[in-house]
Amino acid sequence: RIFGIPENSKADVECAMPGHFDFVADEASADYLYTRESLVSLKSESLSAKKSLVDKFFKLYPEARYVELTEELASKCKGLAKKWNNEQMVESAYISKVDEYDYTICLLDNFVALGLKGGAIMIGDEVVAFTLGGYICNTTFNVCVEKADASYEGIYAAVNQAFAAS
């Protein structure tokens, strides 16, 4: 199994190993792109559900605050990463729970050296969501990790919007 073969590379793979692979698009796993401005404002009709979740989250949890990721905060994020990993019931066809957890911890341990940027939503002293990513090029930013305690309604939309605004 090979994942993520670009359209323009299929011919090369088929030429090297004729008939060994079936090429199947998996739209459910496709990346999606937004402008930073659209994620901050959430004004478009297609993002109205996300805006409602963000508004509801901050109404339910007015004490929640977004903070930039620091090395000290990254250590606190590891606890949420472990909790998130333990709560996942099904492994992805693309990455195991162990690999995803190891990947997340590696990014948290090395985010400064890798030039990544991140942040977290805190309620009191507790990290309830965090995210981090980096620039692919000078105009495109990739969110590598986004983890949250899903018991907080709207938390994923809130951390995504706050990160885009930072």
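Taking the side chain as every heavy atom from C-beta outward, Glu126 and Lys76 never approach each other to under 4.5 Å. Asp149 places a side-chain heavy atom less than 4.5 Å from the side chain of Lys83. Residues Lys82 and Tyr101 form a side-chain contact, since some pair of their non-hydrogen atoms from C-beta on lies under 4.5 Å apart. The closest side-chain heavy-atom distance from Ile136 to Phe141 is not below 4.5 Å. The closest side-chain heavy-atom distance from Leu132 to Phe130 is below 4.5 Å. Taking 4.5 Å as the limit, some side-chain heavy atom of Glu71 sits within range of a side-chain heavy atom of Phe111. A heavy-atom distance below 4.5 Å is found between the side chains of Val143 and Phe163. The shortest side-chain heavy-atom distance between Val128 and Tyr61 does not fall under the 4.5 Å cut-off.
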Could you go step by step and tell me if Gln161 and Lys50 meet the side chain to side chain contact (heavy atoms under 4.5 Å, CB included) rule?
-> CA-CA 9 Å; Gln161 193 258 354; Lys50 187 180 282 251; 5.7 Å; no
Between Val145 and Tyr103, is a side chain to side chain contact (heavy atoms under 4.5 Å, CB included) present by the stated rule, with each step listed?
-> CA-CA 9 Å; Val145 173; Tyr103 166 79; 3.7 Å; yes
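Looking at Glu146 and Asn160, their side chains do bring a donor and an acceptor atom within 3.5 Å of each other.
Between Lys147 and Glu100, at least one side-chain N (NZ, or NE/NH1/NH2) sits under 4.0 Å from a carboxylate O, which counts as a salt bridge. Classification of Lys51 and Asp55 as a salt-bridged pair holds, one side-chain N sitting under 4.0 Å from a carboxylate O.
Looking at Thr131, its side chain never comes within 3.5 Å of a backbone N or O of Gly118 through a donor-acceptor pair. Within the 3.5 Å criterion, the main-chain N or O of Thr140 finds no donor-acceptor partner in the side chain of Arg36.
Under a cut-off of 6.0 angstrom, the local environment of CD in Glu63 is crowded, with over 12 non-hydrogen atoms contributed by other residues, nucleotides or ligands.
For Ala129 against Ile155, the heavy-atom pair with the smallest separation is CB-CG1, 3.6 Å. In terms of heavy atoms, Tyr156 sits closest to Ala150 at CE1-CB, 4.3 Å. Closest non-hydrogen pair, Ala158 versus Phe57, comes out as CB-CD2, 3.5 Å. The two residues Ala81 and Ile105 have their closest heavy-atom pair at CB-CD1, 4.2 Å. The two residues Leu47 and Ser38 come nearest to each other via the heavy atoms CD1-O, 3.5 Å.
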